[in-house]
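Read the structure below first, then the notes.
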Amino acid sequence: MDTLFEVSQSDDHGPVARQVRGPEALLEGLNPQQRAAVEHSGSPLLVVAGAGSGKTRVLTSRIAYLLGARGVHPGQIMAITFTNKAAAEMKERVTALVGGRANVMWVSTFHSMCVRLLRREAKNLDLRSSNFSVYDADDSRRLITLVSRELDLDPKRYPARTLAVHISNLKNELIDPVEAADRAGNDLERRVAEVYTAYQRRLTESNSFDFDDLIMRTVRLLQTRPDVAEHYRRRFRHVLVDEYQDTNHAQYELVRALVGTGTEDGVEPGELCVVGDADQSIYAFRGATIRNIEEFERDYPQARTITLEQNYRSTQTILTAANAVIARNTNRREKRLWTDLGDGDKIVGYVGDNEHDEAAFVASEIDRLVDTGDANFSDIALFYRTNNNSRAFEEVFIRLGLPYRVVGGVRFYERREVRDALAYLRLLSNPDDTVSLRRVLNVPKRGIGDRAEACVAAHAERERVSFAAALRDAADGKVSLLNPRSQRAIAGFVELTDELRALVTDGKDVAEVLDTVLERTGYRGELEASDDPQDASRVDNLTELITVAREFVQAEATAPEPEEPEIDDAGQPAQGSLEAFLERVSLVADSDQTPDAGDGVVTMMTLHTAKGLEFPVVFCTGWEDGLFPHQRALGDPTELAEERRLAYVGITRARQRLYVSRALVRSAWGQPMANPASRFLDEIPAELVEWKRVEPVRSSAPTSATRWGSNRSQVGGGDSAQAGLGARGMRSTPFKGWQDTPAMKLDVGDRVSHDKYGLGTVVATDGSGPRATATIDFGTGGTVRLMLIGGVPLTKL
DNA sequence: TAAGGGATCGTTTTT
DNA sequence: CGATCCCTTA
């Protein structure tokens, strides 16, 4: 399951595994700063680790050093990361250094760590069972939809998505529903507080936690139960946190609570080591707050800070570009990456006529690099800002037969059929799990429609019982207003789930249970009978899921979890059990879809996904204002700074060769859009870039709203049209700028005439460009909202 | 209850 | 352009 990504940590970072285990050997090959970070003891330590500065190496060496040179017991170490991949890699590398005793350390993600702790402490948490479900964003949004529907909220005004974001933010700030209600200052906040209150009640009833709860509840437990906190403080004397710049407030408090101040209970504070890089903070939109790393010295006055600036990954050219771009962000801690690897090649720039031209250039360049032996396909990565931008590249790659793989997008565990199957499993494990229950209640169609579901829900509410209990009542005919047809269907469903649950009780393994579920519910049958080609691939995915389950069972059987040197290990799911499997799939989003060198394919992904990886050759594409930086960031300095960090992340992924490209015109949802060069391109010193093709200078300067021919980023240039294989030349793209298809300009109060509705008055307008709409009162014809794109039979009077 | 058509609306996403 | 949602109709 844990296929590690080998490209990302190459051996030229210095020696990795050593046979010699003396203290000195553990420090060998480290530069002075790295060494200081490994040796530092006592006070809190902040390691500011620039991109490619050997951060993981420092973390793993530090752990090895704690064990090998400072006599720390592995059971006293907790190392926290954000991804399972990072956790697995750290564990593996420490094991390589110190051997199997590494297994008793807690090396895990924030979320896994919290689940583990919460399961152990179930008895202290008024939980009905330690078998709680963990809701991911999708489950949580479903529950919010349910709740806001019950509260009769207008889903247009209060979309579940928005509510979910607000509730998540509140939880990240450790604000509970009561406090949220107290603080609510406007209509939206009051509604959010209402929904939050009901949502939280439902979660409890379902014996479930959402992702944010995992952190928040753990913090609360540690803060309100000194005895529990003391237990963990005594146990974990060393806490290490990776990617500290990505922590949110709740995670910050969690770390504080775990380490302690030494005043709470006479336990000396634990030794804290955090590693991060504020310049690579790109998850603010998910609640990460850069302040945690910026204010570390204030939060921990005794703290020592060590900055790692020597880079072992990229050429100086690449680093100079990255330094120059990130330097535009204000209020940052000055940090300049350097290397002794030499300047290397210039950055290559390309301006395409459109996204197809840009893609053709990238493809031809890749073809050339591989042909000349300068790179293998697997050495090459291609980044874009948003997932939909992979399309043009995929089309060209397919046409030319270049091997590639797209990372990200819709992931395995996010596919509908996989989620349905897992919902069945969760329902068997946790009968109170309402979201899962309602998800599969009528999947496949078994005649339990919205009407019937609403009756059961109403009954549950009235009788103050769980939805599951209400469903049983319905089967027994105790629910009013339910027609006999539905009652029979529900009875059948209840019976089915009981039978399936018996399989679990009988000790059948997850793979068998899953297979039987898909069979007996008719889920697989329905897909197999369908003639929709999509359904065929759904069947494949389900087969794949069974394989995953089977492998999981085998892995658990052959490699049992090492025992911890503790007796209070209650609450850990039994091996090979349904619970263990569910925990794995709910917290491990995807085993690892990043191809490794053996796959021989080009890797495509978003800039966000690229963080933490490195490639010899990197193509940064779509550098256009409006795309990257993203449209929504253009007006907001804070968001723009985050986009710039994203640019910094992108640039610093490259080891030897970096390409930057953009397109003059690209179609966005069918409409051609002309985009000016990304401001980030101008921030790269011109002498570092060799432009293979630049923006054509138009002789008859059109009066367009775009910066057509603004020329800012032209350097070098020269050989234009021949640059890309398949580049169609600048004359062949019949782009009629926006000025040719003007959106009708209307203001409130304008009188209009419509071919169908007749005369009317504009009462509201919304959006702009091709998205512009107007709400028009046509009197007896009614009030209508119309798109103002070309072709509307509408005349301004 | 279920299926088909028409509006609607589109970042990024470690867990 | 496309997935998704909501509302209609059979």
Side-chain angles (χ1 to χ4, degrees), chain A residues 80-87 108-115 134-140 145 155-156 159-161 165 168 172 209-215 242-243 245-248 250-251 280-288 383-389 391-392 407-411 413-414 416 442 444-453 483 485-486 489 534 583-590 592 594 605-613 622 626-634 639 642-643 645-646 649-650 667-672 766-767 770-771 773 784-787:
Chain A
I80 313 175
T81 63
F82 274 86
T83 69
N84 292 289
K85 200 171 93 183
S108 64
T109 64
F110 270 102
H111 297 266
S112 299
M113 185 270 270
C114 289
V115 167
V134 175
Y135 283 178
D136 69 9
D138 183 71
D139 301 316
S140 141
T145 306
K156 288 275 185 305
R161 240 188 91 84
V165 167
S168 175
N172 289 161
F209 292 115
D210 66 21
F211 278 155
D212 301 319
D213 280 338
L214 295 177
I215 314 289
D242 193 13
E243 306 280 19
Q245 78 282 353
D246 288 338
T247 51
N248 60 35
Q251 289 157 338
Q280 292 185 68
S281 162
I282 55 174
Y283 285 105
F285 70 95
R286 282 180 90 267
F383 307 149
Y384 32 76
R385 174 68 237 269
T386 59
N387 282 303
N388 60 321
N389 289 129
R391 191 180 219 100
V407 181
V410 184
R411 293 182 298 215
Y413 289 106
E414 285 167 4
R416 195 187 351 144
N442 199 32
K445 300 259 178 280
R446 47 173 72 92
I448 308 174
D450 295 345
R451 181 73 203 276
E453 189 183 340
N483 69 46
R485 219 183 141 84
S486 303
Q534 276 206 337
E583 182 165 323
R584 176 69 148 258
V585 298
S586 58
L587 291 174
V588 180
D590 240 328
D592 184 1
T594 316
M605 67 190 108
T606 64
L607 285 163
H608 282 88
T609 310
K611 197 180 90 167
L613 305 179
L627 233 200
F628 182 51
H630 192 270
Q631 187 73 42
R632 293 199 31 180
L634 290 179
E639 287 196 54
E642 176 141 326
E643 296 282 310
R645 292 193 289 269
L646 205 45
V649 166
S667 28
W669 309 311
Q671 291 286 316
D766 198 10
R771 175 100 34 250
T773 62
V784 185
R785 187 156 174 245
L786 294 170
M787 302 278 284

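In what follows, chains are A, B, ... by sequence order, proteins preceding strands, each numbered from 1.
- Closest to the side chain of A/Ala452, from the set B/dT12, B/dT1, C/dC6, is B/dT1.
- Both A/Asn483 and A/Leu646 lie close to DNA chain B; mapped to their nearest nucleotides by heavy-atom distance, the more 5′-ward contact belongs to A/Asn483.
- Listed nucleotides: B/dT15, B/dT11, B/dT13. Nearest to the side chain of A/Thr109: B/dT15.
- Distances shorter than 4.0 Å separate none of the side-chain N or O atoms of A/Asn389 from OP1 or OP2 on B/dT11.
- Nearest heavy atoms, A/Gln245 versus A/Lys611: NE2-NZ, 3.5 Å.
- Using a 4.5 Å heavy-atom cutoff, the side chains of A/Ser586 and A/Asp136 are not in contact.
- In this structure, A/Trp669 does not count as stacked on the base of C/dG2 under the 5.5 Å centre distance and 30° plane angle limits.
- Per the geometry, CG belonging to A/Asp246 stands 12 Å off C1' belonging to B/dT15, to the nearest Å.
- A/Asp138 places its CG atom 17 Å from the P atom of C/dA3, with the value rounded to the nearest Å.
- Put simply, the side chain of A/Arg286 and the base of B/dT12 share no donor and acceptor less than 3.5 Å apart.
- Of the candidates B/dT15, B/dA2, B/dT13, B/dT15 carries the atom nearest the A/Leu587 side chain, counting heavy atoms from C-beta on.
- Of the candidate nucleotides B/dT15, B/dA3, B/dT11, B/dA3 has the atom nearest to the side chain of A/Lys445.
- B/dT11 has its base stacked against the ring of A/His630, the centroids being under 5.5 angstrom apart at an interplanar angle below 30°.
- The shortest side-chain heavy-atom distance between A/Phe110 and A/Thr247 falls under the 4.5 Å cut-off.
- The distance from the NE2 atom of A/His630 to the CD atom of A/Glu639 is 9.5 Å, given to the nearest 0.5 Å.
- Contact check, A/Asn388 against B/dG10: no side-chain N or O comes under 4.0 Å of OP1 or OP2.
- Listed candidates were B/dT13, C/dC6, B/dA2. Nearest to the side chain of A/Thr606 is B/dT13.
- For B/dT1, one of the phosphate oxygens OP1 or OP2 lies less than 4.0 angstrom from a side-chain nitrogen or oxygen of A/Ser486.
- Counting to the nearest Å, the P atom of B/dT13 and the CG atom of A/Asn248 are 18 Å from each other.
- Closest to the A/Arg391 side chain, of the nucleotides B/dA3, C/dG2, B/dT11, is C/dG2.
- Residue A/Glu639 is classed as a base contact, given a heavy-atom separation below 4.0 Å to a base.
- Residues A/Ala633 and A/Phe211 both approach DNA chain B. Their nearest nucleotides, taken by heavy-atom distance, put A/Ala633 toward the 5′ side.
- B/dT12 shows a glycosidic angle more than 90° from 0 and is accordingly assigned anti.
- Stacking is found between A/Phe285 and the pyrimidine-like six-membered ring of the B/dT12 base under the 5.5 Å centre-distance and 30° plane-angle cut-offs.
- Each of B/dG10, B/dT15, B/dT12 was ranked by its minimum atom distance to the side chain of A/Thr83; first place goes to B/dT15.
- Annotation: side chain of A/Asp210 is not in contact with side chain of A/Asp139 (no heavy-atom distance under 4.5 Å).
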